[in-house]
Asks: 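Following this message is one structure expressed as structure tokens.
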Amino acid sequence: MTSATTGNNKRQRRSREAWGEVLTRFAASGLEIEAFCAHEGLSVSSFRRWRSLLADDVSRGVELPPPGAPQTGFVDAGLLGAGGRLELRLDLGAGVILHLSRG
């Protein structure tokens with residue numbers, strides 16, 4: 001059984017991918033939400049929130065990596081139009097700032 005809390009009584013934070021795995025287990029479980037959440041040690045409200053968020057991703061065509069896939073750290077910003085101005089500022093920490101602009 002998965003616990004929603006760690007030994008020091010703090011809530012466990014799950015990544016988007018971890019919530020995707022939780023939802024996959026739920027779909028295969030055949031249980032009602034309340035029973036599944038009790039078994040997994042999850043908050044019903046958190047479960048419903050993440051189910052809604054990930055369903056929105058699916059409806060927009062955003063794909064989650066398969067469970068266990070390595071994380072690349074790449075963020076897809078979608079297609080950028082050929083025209084117009086684009087500015088990107090990325091604070092890398094330690095006083096290092098990357099500033100890109102187009103147009």
Side-chain angles (χ1 to χ4, degrees):
M1 181 182 303
T2 304
S3 175
T5 59
T6 59
N8 59 4
N9 207 23
K10 286 188 177 181
R11 287 236 176 260
Q12 177 182 347
R13 296 187 61 94
R14 291 178 176 81
S15 66
R16 213 170 187 74
E17 292 78 15
W19 275 106
E21 292 172 11
V22 167
L23 293 172
T24 299
R25 285 196 309 273
F26 169 70
S29 74
L31 297 172
E32 296 293 324
I33 291 173
E34 291 78 8
F36 177 80
C37 289
H39 181 263
E40 294 278 324
L42 301 169
S43 156
V44 172
S45 61
S46 291
F47 176 88
R48 287 188 171 146
R49 177 178 174 270
W50 276 101
R51 184 174 66 164
S52 174
L53 285 171
L54 295 178
D56 288 347
D57 282 354
V58 170
S59 69
R60 287 181 297 153
V62 176
E63 293 184 30
L64 289 174
Q71 293 187 4
T72 62
F74 177 76
V75 177
D76 185 357
L79 296 176
L80 300 173
R85 180 161 177 78
L86 171 70
E87 277 197 54
L88 176 67
R89 179 182 171 163
L90 183 59
D91 186 341
L92 301 171
V96 177
I97 297 173
L98 175 63
H99 187 227
L100 304 171
S101 62
R102 180 185 72 192

Asks: Please identify each residue that fulfils side-chain hydrogen bond (donor to acceptor under 3.5 Å, both in side chains) with Ser101, with sequence neighbours left out.
Replies: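 Expected list: none.
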Asks: Specify the closest pair of heavy atoms between Asp91 and Val96, including all atoms of both residues, with the distance to one decimal.
Replies: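 Answer, listing the atom of Asp91 first, then Val96: OD1-O, 3.6 Å.
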Asks: Identify, with sequence neighbours excluded, every residue that meets side-chain contact (heavy atoms from CB on, under 4.5 Å) alongside Ile33.
Replies: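 Counting only residues at least two positions away or on another chain, Ile33 forms a side-chain contact (heavy atoms from CB on, under 4.5 Å) with Phe26, Cys37, Val44, Phe47, Arg48, Arg51.
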Asks: For the atom pair CZ (Arg25) and CG (Leu42), what is the distance rounded to the nearest 0.5 Å?
Replies: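 With rounding to 0.5 Å, CZ (Arg25) is 7.5 Å from CG (Leu42).
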Asks: Give me the atom names and distance for the closest heavy-atom approach of Phe36 to Ser29.
Replies: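 That would be CD1-OG, 3.7 Å.
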Asks: Tell me every residue that passes side-chain contact (heavy atoms from CB on, under 4.5 Å) with Ala35, counting only those two or more places apart in sequence or in another chain.
Replies: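 By the side-chain contact (heavy atoms from CB on, under 4.5 Å) rule, Ala35 matches Leu31.
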Asks: Indicate, with yes or no, if Leu100 and Leu90 share a hydrophobic cluster defined by side-chain heavy-atom contacts under 4.5 Å among Ile, Leu, Val, Met, Phe, Trp and Tyr.
Replies: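 Yes; tracing contacts between hydrophobic side chains, which count when under 4.5 Å, links both residues.
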Asks: List the atom of Arg16, the atom of Trp50, and the distance in Å for their closest heavy-atom pair.
Replies: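 In this case the closest contact between Arg16 and Trp50 is NH1-CZ3, 3.5 Å.
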Asks: Counting only heavy atoms not in Glu32, do more than 12 sit closer than 6.0 Å to its CD atom?
Replies: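 Not buried by this count: 12 neighbours or fewer within 6.0 Å.
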Asks: In Å and rounded to the nearest 0.5 Å, what is the CZ to CG distance from Arg49 to Leu54?
Replies: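 CG of Leu54 is found 9.5 Å from CZ of Arg49.
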